[in-house]
Every structure is written in C-alpha cells, then in structure tokens.
Amino acid sequence: RHYKASSLLRQTLVGRTSVSSSLNCASAPQIILVHSQNRSYSKLNQDDVNHFKGILNKPEVAVIEDLEGTGSSSELSGYNTDWLNKLKGNSKLALRPSSTEEVSQILKYCNSRHLAVVPQGGNTGLVGGSVPLDDEIVLSLNRMNNIIGFDKNYSILKTQAGVVLEKLIEYLEQFGYMPPVDLGARGSCHIGGNLATNAGGIKLLKYNSLHANTIGLTAVLPDGTILDNMRALRKDNTGYHLKHLFIGSEGTLGVITEAAILCPKIPAAHNVALFALDNFDKVEEVLRASKDYLSENLTAIEFFDSESNNILKDHTKHRNPLGYSHNYYMVVEVSNFDNTSTAEENTKIIEDKFFGLFEKISTVIEDGVIAQDSSQREAIWNCRERIVEGFFKEGMTFKYDFSLPIDKFPVFLDKIRDKLGDHARTGGYGHIGDGNIHVNASIKGYDNLKLFKELQKELEPWVFSLVEDYEGSISAEHGIGSFKAPYFELNKSNEMVSVMKQIKGVLDPNGIMNPHKLFD
Ligand SMILES: Cc1cc2nc3c(=O)[nH]c(=O)nc-3n(C[C@H](O)[C@H](O)[C@H](O)COP(=O)(O)OP(=O)(O)OC[C@H]3O[C@@H](n4cnc5c(N)ncnc54)[C@H](O)[C@@H]3O)c2cc1C
C-alpha cells in the first residue's frame with residue numbers, strides 16, 4: 001500500500017489546467033455531414049447582410065459572411081463545425097453582436113424575414129446543438145464578454161453571457177469566490193452556453209445546478225422582446241420564474257445575454273485522493289461512506305472503470321498512480337471552509353478527514369493515494385478529466401451521458417459491451433455522486449465510417465429505450481441537441497412533451513430558434 005499522508009498547502013480550486021485549450025477533435029476527420037434542408041425558411045440575401053452591417057457596432061468584426069460561397073472565409077468554418085467534428089453546417093453568415101440591444105435587433109429582423117438562427121457560445125457542446133444543420137445564421141455571443149461586477153454582500157456575479165467560464169473563475173478569485181459550475185471545457189465554454197445547457201460537471205454535487213444558483217437573467221425572445229430579469233434579488237416571488245425556461249433550453253426559445261449568478265466561497269483548503277476497487281458494490285460503499293462521513297466537506301466524487309483507465313494510458317501522457325490492474329477507480333475531493341484556520345491547521349483538518357474516511361473504507365478499497373501537493377492533485381484529476389481525450393484519440397466515438405439508478409451502472413455497461421462486441425472499446429466514467437455516467441465507445445481509427453454507422457444502428461434507439469426501462473435520463477447534463485432529438489420523446493411523457501411544444505409555439509411561433517434541436 002502506498003497510502004500517503006497529505007501535506008497540502010492552502011490551495012484554491014482554480015489551478016486546474018483547461019482541457020479544452022489543449023484538446024479538441026478538430027483534427028479528426030468528420031464523421032457525419034448534415035444538411036437538413038430547412039426549406040421552410042427564407043434564403044439569406046445581400047440586403048439581409050447589409051441590414052446587419054447597418055445595425056451592428058464595428059461591422060468589420062461583427063459580420064462574418066460568405067454569401068457567394070467562395071469559401072474565402074475560413075473563419076466561418078469554425079462557426080459551422082462542432083467540437084466533436086461530427087457536424088458541418090452550411091451557414092453563410094455569423095453575427096457577433098456586442099449588446100443585448102443588438103441581439104434584439106438581429107432577432108427581430110430574422111423573425112420578420114423568417115431566417116433561422118443558431119445561438120452559439122463557446123461551441124464546446126457535445127450533442128450537435130451549437131452549429132447550423134443547414135444554412136442557419138450563427139449568432140455568436142463571443143463579443144459579449146464583459147463581466148459586469150460582483151456584489152460581495154450577496155455573493156452575486158453579474159456578467160454578459162459570452163464570458164468564458166475560466167475568465168469568470170479567474171475574476172472571482174480576487175474576492176475569494178468561484179462560479180458554482182466547473183467543467184473540463186472551462187477554457188472555451190461560455191457562461192451563457194453553460195446556462196443554455198444547464199451544464200453540470202464536477203461541482204454540482206456540492207453546489208447544485210445552475211437552476212438553483214441563477215438568480216437573474218436577461219433573455220431576448222425571437223421577436224426581439226427583451227426580458228430583463230437582472231435585479232438579482234435573492235427573494236422574488238412575483239409570478240412565474242421565467243428565467244428557468246431559458247436555463248437548459250439549448251437556444252430554442254431565445255438568446256441569453258446576461259446573467260446574475262450566486263457564487264460560493266472558494267474553500268480555505270482542499271485535497272484529493274484516488275482509490276482503487278475491485279467491484280462495483282465497493283464503489284457504492286465508498287460513495288455512501290464518503291457522503292456519510294465527509295458530509296459537507298465532500299466537494300467531488302467521481303469514478304472511472306478499467307477500460308477508461310487503459311484508454312487514458314494508451315492515448316495520453318497521463319499515468320494513474322495506482323496502476324492498471326483494478327476494475328474501478330474513484331476520485332474523492334475534500335474541502336475545508338473555515339477561513340479562520342491557518343494553512344497548517346487546514347492541512348491537518350483535511351488530513352484527518354481523509355484518514356477518518358480511510359478507516360471506514362480500509363477493508364473495501366484495494367489501494368489509495370492522497371495528493372501531496374498541487375501537481376499531484378492535478379495529476380489525479382487528469383486521470384479522470386482526460387479520459388474523454390483518450391477515447392477520441394482511439395477513434396470514432398459513441399458518446400453518451402446518462403442518469404441512471406446507480407446499481408444499474410455495471411449491468412448497463414455490460415449490455416452495451418455485449419452489443420458492440422470486439423468492434424469497440426467501451427468505458428464508463430463520470431459524476432457518480434449525481435448518478436451521472438458517461439459511456440464512451442470507440443472503434444479503432446477514423447476511416448471505417450461504414451462500421452460506425454452499422455454499430456450506430458445497433459445501438460440507437462436501443463440504448464435510449466434501455467435508459468427508459470431503467471427510469472433514467474438520456475441526458476444527465478449535455479442536453480439533447482440534434483443528436484438525441486429523435487429520441488427525446490422516448491424519455492418524457494406525452495403530456496410533458498406537449499406542454500413543452502406549446503411553450504415553444506408561444507415564444508417562437510415562426511420556429512426560427514435553433515431548428516431541429518431538442519425537438520426533431
Ligand atoms: C472536454 C469537455 C468536457 C465537458 N464536460 C462537461 C461536463 O462536465 N458537464 C457538462 O454539463 N458539459 C460538459 N461538456 C459539454 C459543454 O462544454 C457544455 O454543454 C457547455 O455548457 C457548453 O457551453 P458552450 O458555451 O460551449 O455552448 P455551445 O456549445 O456554444 O452551445 C450549447 C447549446 O447552448 C446554446 N447556447 C449557447 N449559448 C447560448 C446563449 N447565450 N443563449 C441561448 N442559447 C445558447 C446553443 O445554441 C447550443 O444549443 C464538456 C465538453 C467538453 C469539450
């Protein structure tokens with residue numbers, strides 16, 4: 001056993017490197033080309049482009065066009081291609097407004113002209129929601145990147161929607177606070193995109209969802225109406241809470257332009273441990289023990305299986321300090337929130353927490369390590385956060401994001417492995433504390449599109465029906481986008497789908513917002 005005593009110094013959670021800054025799938029050949037022929041929309045013309053040039057501040061940077069289709073604008077290609085490099089849209093125009101008022105004018109015009117629009121944040125979405133499927137106009141929020149301010153009395157951050165999450169993390173650090181959400185794509189995703197997808201991630205266990213933490217929002221409806229709800233009152237029980245309609249709506253109801261978000265304190269100290277286990281019952285035991293014993297000091301608990309661990313080794317430089325012979329691994333993060341303690345006291349408090357936990361699970365775990373310093377902390381987190389990179393380097397990947405009853409995780413993975421046989425390497429990992437499992441299955445390389453499509457037919461919709469049988473969700477956190485739109489209705493009652501469609505019809509009667517996303 002190389003179970004080590006921790007000697008941590010006071011550290012903040014902000015030191016992790018961004019996955020997305022060093023990783024993307026853009027080098028992989030495209031897998032799926034989609035041109036869905038939105039025939040019911042108007043065709044963009046030069047008058048439209050001139051109109052946008054007339055209403056937008058700094059049109060030379062706010063309007064990126066390639067109306068003639070000469071391909072001269074390579075910049076436009078980035079707006080047309082999703083992070084997974086699975087979709088390639090055919091948009092001839094990306095608009096980059098700098099204010100809510102400009103967004104309003106754009107949408108009002110598009111609505112009157114019946115031009116379809118795709119709102120786009122950092123374009124890190126994993127479900128094909130952020131890029132055009134045909135020639136929709138891309139409305140990018142990337143120039144709306146001003147942080148409005150931070151109210152220390154109520155720990156409320158006010159920001160424009162196009163601010164990159166990592167920039168918010170850095171900004172809030174000076175006040176000793178942090179955003180309630182964090183994810184591997186922090187270096188590229190926008191807070192507006194996080195809201196539009198109701199992004200989850202590693203902190204949700206402790207700090208809850210963006211629904212719980214968003215106390216103000218400005219959204220622009222397709223007809224240009226601005227819903228300004230930025231008073232940011234902690235308590236405001238006047239009427240329907242409209243802001244929640246836009247959180248998780250994936251750009252189908254309007255454009256989020258500003259938000260007010262409740263932010264938690266950065267813990268005074270934190271540390272992580274990595275445990276190895278030989279069966280899934282023991283994973284559940286460690287989860288229960290961690291929740292019971294660590295209680296409010298437990299700030300993250302994640303798991304990954306042996307195939308995910310092997311994929312990490314085969315395709316990345318990251319190495320698991322516990323090796324490769326175990327069936328499951330868990331990352332447990334413990335934080336201390338008492339700012340009155342000295343650094344040494346904090347070290348001791350967290351060390352005691354880990355040793356207390358260790359006593360409770362010593363007969364359950366096979367092996368374990370505690371990080372000795374910030375670089376070891378990062379190394380442990382990389383074992384979990386860089387798995388996604390490994391799968392994409394293996395080859396074309398089926399990527400699923402399910403909520404399931406925890407006891408169904410292993411049988412669910414086995415069924416998928418049975419289905420795919422030797423054709424793919426299949427791994428499970430994710431936010432076990434929230435019942436959220438990511439299933440990735442990669443075939444070798446990027447040149448066998450035929451096999452990929454055959455396997456896709458085997459898997460879908462079968463896998464989504466299986467989730468329904470287990471009373472889970474086909475999207476725990478990534479959303480529905482275009483990839484899961486055909487299966488969305490499998491997972492919700494007819495009554496719920498019907499009310500959602502009515503809401504869509506009222507707010508977006510012309511259906512210009514993000515067509516074929518969420519609803520097929
Ligand atoms: C390496 C990596 C790790 C990830 N980890 C996680 C994770 O742990 N948890 C998680 O939940 N997700 C994760 N994701 C997925 C993705 O980062 C999130 O869905 C993120 O919230 C998307 O933000 P974005 O700004 O990139 O939005 P985009 O990808 O640009 O857009 C996503 C959707 O939101 C809409 N949208 C974007 N901005 C707005 C706006 N201002 N108004 C209205 N609609 C808008 C788009 O139309 C689209 O439908 C990960 C992705 C990567 C690449």
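Counting starts at 1 for both ligands and their atoms, in listed order. Counting begins at 1 with the first residue of the sequence.
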- Considering the options Phe391, Tyr429, Trp381, Tyr329, which one meets the ring-ring contact (aromatic ring centres under 6.0 Å, His included) requirement together with Phe304? Tyr329
- What pair of heavy atoms forms the shortest contact from His270 to Glu333, and how long is it? ND1-OE2, 3.6 Å
- So is Asn123 polar-close to ligand 1, meaning N/O to N/O under 3.5 Å? yes
- Would you confirm whether Asn123, through its side chain, and Thr81, through its main-chain N or O, come within 3.5 Å as a donor-acceptor pair? yes
- Given that the side chain starts at C-beta and the backbone is N, CA, C, O, which of these parts of His431 lies under 4.0 Å from ligand 1, counting heavy atoms, or is it both or neither? side chain
- Note on the structure: Note: Ile256, heavy atoms under 4.0 Å from ligand 1, region reported as both
- Residue selection (non-hydrogen contact nearest atom 27 (O) of ligand 1) among Gly430, Ser140, Gly193, Pro119: Gly193
- Query: What class does the angle between the rings of Tyr109 and Phe52 fall in, given that below 30° is parallel, 30 to 60° is tilted and above 60° is perpendicular?
  - Reply: perpendicular
- Query: What part of Trp83, side chain, backbone, both or neither, has a heavy atom within less than 4.0 angstrom of ligand 1?
  - Reply: side chain
- Item | Carboxylate-amine/guanidinium contact Asp48 Arg113, below 4.0 Å | yes
- Query: Would you say the side chain of Arg425 lies within less than 4.5 Å of the side chain of Asp314, judging by non-hydrogen atoms?
  - Reply: yes
- Message: Does this structure show an ion pair linking Lys517 with Glu250, if we count only N-O contacts that are shorter than 4.0 Å?
- Response: no
- Item | Atoms in ligand 1 with a heavy atom of Ala199 nearer than 4.0 Å | 11 (O), 21 (O)
- Task: Check each heavy atom of Leu195 against ligand 1 and say whether those closer than 4.0 Å belong to the side chain, the backbone, both or neither.
- Result: neither
- Query: For the rings on Phe412 and Phe402, is their centre-to-centre separation under 6.0 Å?
  - Reply: yes
- Query: What pair of heavy atoms forms the shortest contact from Val220 to Ser104, and how long is it?
  - Reply: CG1-CA, 3.6 Å
- For ligand 1, is there an N or O atom under 3.5 Å from any N or O atom of Asp182? no
- Message: Check this for me - ligand 1, Gly122, N or O atoms closer than 3.5 angstrom, yes or no?
- Response: yes
- Message: Only heavy atoms of Gly254, strictly under 4.0 Å: list the atoms of ligand 1 that pass.
- Response: 43 (C)
- Which one of Leu141, Asp82, Thr197 has a non-hydrogen atom at the shortest distance from atom 33 (C) of ligand 1? Thr197
- Candidate with minimal heavy-atom separation from atom 49 (O) of ligand 1, of His190, Glu250, Lys203: Glu250
- Item | Taking every non-hydrogen atom, the tightest pair across Val118 and Gly129 | CG1-O, 4.0 Å
- Note on the structure: So the atoms of ligand 1 within less than 4.0 Å of a heavy atom of Asn514 turn out to be 47 (O), 49 (O)
- Message: Between ligand 1 and Gly200, is the shortest N or O to N or O distance under 3.5 Å?
- Response: yes
- Message: Show the atoms of ligand 1 that are less than 4.0 angstrom away from any heavy atom in Asn194.
- Response: 20 (C), 21 (O), 23 (O)
- Item | Polar atom proximity, Gly125 to ligand 1 (N or O, under 3.5 Å) | yes
- Message: Would Gly129 count as being in polar contact with ligand 1, using the rule that some N or O on each side must be under 3.5 angstrom apart?
- Response: yes
- Atoms of ligand 1 less than 4.0 Å from His478 heavy atoms? 10 (C), 12 (N), 13 (C)
- Query: For Leu93, does its backbone N or O pair with a side-chain atom of Ser91 as donor and acceptor, under 3.5 Å?
  - Reply: yes
